[in-house]
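Worth saying up front: this structure is predicted, and the values here are computed from it rather than measured. In this chain, residues are counted from 1 in sequence order.
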Amino acid sequence: MRLRSLGAALAVTAALTALPLTTTPAAAAETPLSQGKSATASSTENAGTPAADAVDGSTATRWSSAASDNQWLQVDLGTSASVTQVVLNWEAAYGKDYKVQISNDGSTWTDLKSVTGGDGGVDTLDVSGQGRYVRMLGVHRATTWGYSLWEFQVFGTAGGTQTGCSTANAAQGRPASASSTENAGTPASAAFDGSTTTRWSSQPADPQWVQVDLGSVQTVCKVDLNWEAAYGKDFQIQASADGQSWTTLKSVTGATGGTASYDVSGSGRYVRIYGTARGTGYGYSLWEVAVHTTGTGVPPVQGGGDLGPNVIVVDPSTPGLQQKFDQVFAQQESAQFGSGRYQFLLKPGTYNGINAQLGFYTSVSGLGLNPDDTQINGDITVDAGWFNGNATQNFWRSAENLAITPSNGTDRWAVAQAAPFRRIHVKGGLNLAPNGYGWASGGYIADSKIDGTVGPYSQQQWYTRDSSVGGWTNGVWNMTFTGVQGAPATNFDSGPYTTLDTTPVSREKPFLYLDGSAYKVFVPAKRTNARGVSWPANAGTSIPLDQFYVVKPGATAATINQALAQGLNLLFTPGVYHLDRTIEVTRANTVVLGLGLATLVPDNGVDAMHVADVDGVRLAGFLIDAGPVNSDTLLRIGTPGATADHSANPTTMQDVFIRIGGAGPGLATNSVVVNSNNTVIDHTWIWRADHGSGVGWETNRADYGLRVNGNDVLATGLFVEHFNKYDVYWSGERGRTIFFQNEKAYDAPNAAAITHDGIVGYAAYKVADTVTTHEAWGLGSYCNYTADPSIVQAHGFQVPVKPGIKMHDLLVISLGGMGQYAHVVNDTGAPTSGTSTVPSKVIQFP
């Protein structure tokens, strides 16, 4: 404990009043409200310093964070409380500047105290506030280490901790599991079946446990145990939000068996009895475990349920199926910025004579575990009749997990950006051009098998990954392939092709399927150096729908965050969702999956979504549409300064699209910021609108498209267009990009507006000067300066010239002479010229 002089007193609050700090807690004999409660943190230094150790009542254990600023530790008091004092017992790695905050829901925080110039030791802060969650939010560290607390103690008066403790047994009949069973006649479920004639019993060893899933996070106030003769002498009653990180609600030693009731205070979805010492030579054996919960607080969010009004589930016998497709297409064919969102789900079987034409915000998917489970003898069609044969605006639609036998031998998929073609078996050819071979600007194929030939024809660019094709006929500018059986050989000098034999890291997008009559989400496993499709082997895991909050139109951000806090995943059904607060994804391996291009719109300048620096989050299949008040960052993956290694289980961002303007004015300083190491960005279109409503140099201003700060980040299929400054700014080490498509902002008013550091124009793809290792393949940038065609952009790409920087197959193009490029990369590469729309290329740099 360190004593303080008056000169070291902290300055706190906006009024900067002096904060006297005492050297010992004012209520040392009082048990803190926080002790033994559920605690979480933005990060941990290692497995030996978890968040729970800061609220365990012991000054021999501690929580410590990663070595960066903007870290937090929070405790769930289990119920709302009137908080009067917070005591922070710092380890040597202390917070110099930090805030103590309180919240009712764990999402919206109110400052109780702001501390600046702290000097460690024990800080006792008198505060006043009401809430369930209390946290320390670190602003600046005092050392090069992270933040480290021996203890984080919250004092005050709990509101209703035990009042309203229900006599009902919340555990009865709920799913149960155990570390072991004595035999098949003593399963875990027998301890929760409401019968005292059946029991669970374990193997005769220590430790052993039995646990129950309450179905949602609930406030637990009492646990009743009815022991058989083989009882537990020493054991703990524990709770968990996710079934992985546990908080001890009660430690019992010297028990003598029989029946006993224990008052506890805490919250969790899972409750377990964790035995550490048996009372006999047998195992542990319980006739019954009853869990009682309070009626206080917000009712838990329920998982599962129906898929909402905009999901159309059909089977081959569905009457009028063609009419259903036609009705949705008639509504969505030209509704480029409309609010309609639709998902067709086709149960396994054979569908004859179907032509499913897909308009805007329409997706079609099979519900089998394999594409061949859902056979279409007919077509899944995208064409451009609505736009006079021009396919360059056929955005925002998708097809997935189907087999197609085209009616005339070749299916037509004439799409532009944000129109993924995933996990499809085409038993014939595939035509990527519109009828009449008008302009086209796509596109993306992954995990698909095309038995015949793929004909891009008028397609300007395309990326194909982990697939097989019977042939590939041509291409215009940039056709890139990785892990594609049957792909053409690399020829970028005189042709459009860049081909890598394998994809370094890939993991297919999660998808909904039917297991019998039950919906599940399949989460594919990571592949390394993949080639060809992932099916029918289908390595991965399945998650039942009851572990998802099925989000439907009208849901609020508060409910969404509550569901995430309960340990649920998210399945957004088709719709437009306005958010008055940021969606916070904090749990490892959380799946956030959208159907029918579900669209998130942040209101009042909030960020749309933050993902913590944790393993294995899957983001897939949704659109973020900027609101009219500027957001700092629409999607942030990882906390600033994140350092954890996620190479074994990276976060993936797949078919997640960003839009600023077009549907109305939109503003965002940053569109996507990736701080987490090892993140895989697999197909995204990040677009500052050049047409539609609310479009103008300042009207839909957005400075940056993608900013990568994390190390070892991989982008496969990166489309980023029209930003006011850099479209891509890459600061992390060892980054890799395979395929990049870009257009510079059409509406730059003049050269002066985009001149910086003596350079005219911001590079489409900028690797920071500090980076020593970076590699990219198949990159194209196009200019179409319609507001001032006299602009001559210095270059499309800007990278440091270092041995570890390797850029392959780059091109720049002037679209019809509307502006020009002076060089391709840095000061290398011939200028574009005239109106001929002919690429200027660099095959290798440096």
Side-chain angles (χ1 to χ4, degrees), residues 328-329 331-343 356-364 380-400 412-422 432-434 438-446 456 458-463 574 576 594-601 620-626 634 654-664 666 671-672 683-695 700 702 705 717-723 727 739-743 745-746 782 784:
V328 172
F329 180 65
Q331 177 181 317
Q332 298 300 117
E333 180 183 12
S334 59
Q336 184 171 177
F337 299 109
S339 60
R341 304 287 186 274
Y342 294 96
Q343 173 78 56
Q357 299 184 81
L358 302 186
F360 287 98
Y361 315 109
T362 305
S363 299
V364 59
I380 303 291
T381 301
V382 178
D383 207 340
W386 74 278
F387 201 45
N388 299 316
N390 179 346
T392 60
Q393 293 184 22
N394 280 349
F395 315 135
W396 304 308
R397 64 202 74 199
S398 68
E400 182 175 11
R412 185 183 301 279
W413 185 257
V415 299
Q417 292 84 355
F421 194 81
R422 286 186 181 269
L432 303 179
W439 292 345
S441 179
Y444 177 90
I445 294 172
S458 56
Q459 281 288 353
Q460 296 166 357
Q461 68 281 314
W462 202 277
Y463 174 60
V576 178
L595 301 177
L597 276 296
T599 303
L600 312 181
V601 183
F622 56 91
L623 168 66
I624 298 176
D625 201 353
L634 294 174
Q654 300 177 284
D655 301 348
V656 174
F657 309 123
I658 308 293
R659 182 173 68 196
I660 300 97
S671 295
V672 178
H683 189 223
T684 184
W685 185 38
I686 303 172
W687 186 61
R688 175 181 168 266
D690 61 276
H691 62 272
S693 175
V695 171
N700 64 326
L718 181 59
F719 299 74
V720 189
E721 297 186 304
H722 306 152
F723 285 84
D727 298 282
F739 180 87
F740 171 68
Q741 186 268 330
N742 166 263
E743 288 179 348
Y746 293 2
Y782 321 147
N784 186 38

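For D690, the side-chain hydrogen bond (donor to acceptor under 3.5 Å, both in side chains) partners at least two apart in sequence or on another chain are W687, H722. Scanning for ring pair (Phe, Tyr, Trp, His ring centres under 6.0 Å) contacts around F723 gives an empty result, with sequence neighbours left out. When the ring pair (Phe, Tyr, Trp, His ring centres under 6.0 Å) test is applied to F719, the partners found at least two apart in sequence or on another chain are H683, F739. Residues passing the side-chain contact (heavy atoms from CB on, under 4.5 Å) test with A433 are N431, Y437, Y457, S458, sequence neighbours excluded. In this structure, the ring pair (Phe, Tyr, Trp, His ring centres under 6.0 Å) partners of F740, at least two apart in sequence or on a different chain, are Y765. Annotation: side-chain contact (heavy atoms from CB on, under 4.5 Å) contacts of Q393 (sequence neighbours excluded): Q336, W386, F387, F395, H691.
Counting heavy atoms from C-beta outward, V328 and Y361 have side chains that stay 4.5 Å or more apart. Using a 4.5 Å heavy-atom threshold, the side chains of N394 and W413 count as separate.
Figure legend: R397 and F360 shown as a cation-pi pair, the cationic atom lying under 6.0 angstrom from the six-membered ring centre and within 45 degrees of its axis.
For the residue pair V656 and G621, the shortest heavy atom distance occurs at CG2-N, 4.2 Å. Of all non-hydrogen atoms in G666 and I660, the two that sit nearest each other are O-CG2, 3.2 Å.
A ring-centre distance under 6.0 Å is not found for F657 and W685.
Side chains of S363 and S398: a donor-acceptor N/O pair is present below 3.5 angstrom, by distance only.
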